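Okay, so here's the structure we're looking at.
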Amino acid sequence: MIDVSQLSLSIDAQRHGEAVLIRPQLQSPTPLTLQYRMTVRQSSASGTSSINQSGDLQSGGAGSLVTLSMPSGATCQVHLQVFQDDKLLKEADSDCE
């Protein structure tokens with residue numbers, strides 16, 4: 001079993017003009033691949049939308065990139081979960097700013 005206390009989970013979000021680049025990251029003292037699920041929710045004057053992404057996340061590397069158009073005044077939140085054999089190990093939340 002994995003020592004969850006040694007896992008570090010983060011969400012890298014970088015804004016470039018009206019675009020936000022969002023990437024999940026996993027750090028572990030040993031090489032590790034876990035499954036992840038990430039939900040990005042955006043709210044703006046136009047309404048609310050969400051993007052769901054899942055796949056494998058390797059420690060020391062960055063996961064797949066999500067690019068989101070963020071007009072002025074819009075906000076977004078990211079919820080990231082990592083699993084091993086369908087068991088939730090750790091989760092993180094972050095704003096896109």
Side-chain angles (χ1 to χ4, degrees):
M1 189 64 177
I2 296 172
D3 183 356
V4 177
S5 68
Q6 294 187 349
L7 294 180
S8 173
L9 188 59
S10 63
I11 301 163
D12 180 32
Q14 298 177 3
R15 190 173 192 124
H16 297 281
E18 285 197 0
V20 176
L21 309 176
I22 302 164
R23 180 175 289 150
Q25 296 183 331
L26 173 68
Q27 298 297 324
S28 171
T30 58
L32 186 62
T33 300
L34 298 174
Q35 296 79 44
Y36 79 97
R37 185 169 44 228
M38 182 169 69
T39 302
V40 180
R41 286 190 175 84
Q42 178 188 32
S43 298
S44 68
S46 303
T48 302
S49 62
S50 65
I51 298 170
N52 294 306
Q53 179 173 291
S54 60
D56 290 337
L57 187 58
Q58 294 181 336
S59 60
S64 298
L65 181 68
V66 171
T67 304
L68 181 67
S69 177
M70 282 269 296
S72 180
T75 61
C76 81
Q77 293 78 38
V78 182
H79 182 68
L80 176 62
Q81 299 172 309
V82 292
F83 301 85
Q84 182 180 42
D85 300 324
D86 294 325
K87 180 182 178 199
L88 178 63
L89 297 180
K90 205 160 199 173
E91 54 190 332
D93 291 293
S94 177
D95 290 331
C96 295
E97 300 296 321

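Worth saying up front: this structure is predicted, and the values here are computed from it rather than measured.
Residues satisfying the side chain to side chain donor-acceptor pair (under 3.5 Å) test with S72, not counting sequence neighbours, are none. A search for side chain to side chain contact (heavy atoms under 4.5 Å, CB included) contacts involving Q35 returns D56, F83, not counting sequence neighbours. With sequence neighbours excluded, the residues satisfying side chain to side chain contact (heavy atoms under 4.5 Å, CB included) with S43 are T48, T75. Legend: residues meeting side chain to side chain donor-acceptor pair (under 3.5 Å) with D93, ordered by chain and number and at least two apart, are H79. Partners of Q77 according to the side chain to side chain donor-acceptor pair (under 3.5 Å) rule, which considers only residues two or more places apart in sequence or in another chain, do not exist here. Take T39 and apply the side chain to side chain donor-acceptor pair (under 3.5 Å) test, not counting sequence neighbours, and it matches N52.
Put simply, the side chain of L7 reaches to within 4.5 Å of the side chain of L34, judged on heavy atoms. Counting heavy atoms from C-beta on, the side chains of Q42 and P71 come closer than 4.5 Å.
Closest of all the heavy-atom pairs between L65 and Q53 is O-OE1, 4.1 Å. The minimum heavy-atom distance between R15 and V20, with the atom names listed, is CG-CG2, 4.2 Å. Contact detail for L9 and A92: the closest heavy-atom pair is CD2-N, 4.0 Å. Of all non-hydrogen atoms in S59 and T30, the two that sit nearest each other are OG-O, 3.4 Å. Across L80 and S10, no two heavy atoms sit closer than the pair CD2-O, 3.7 Å.
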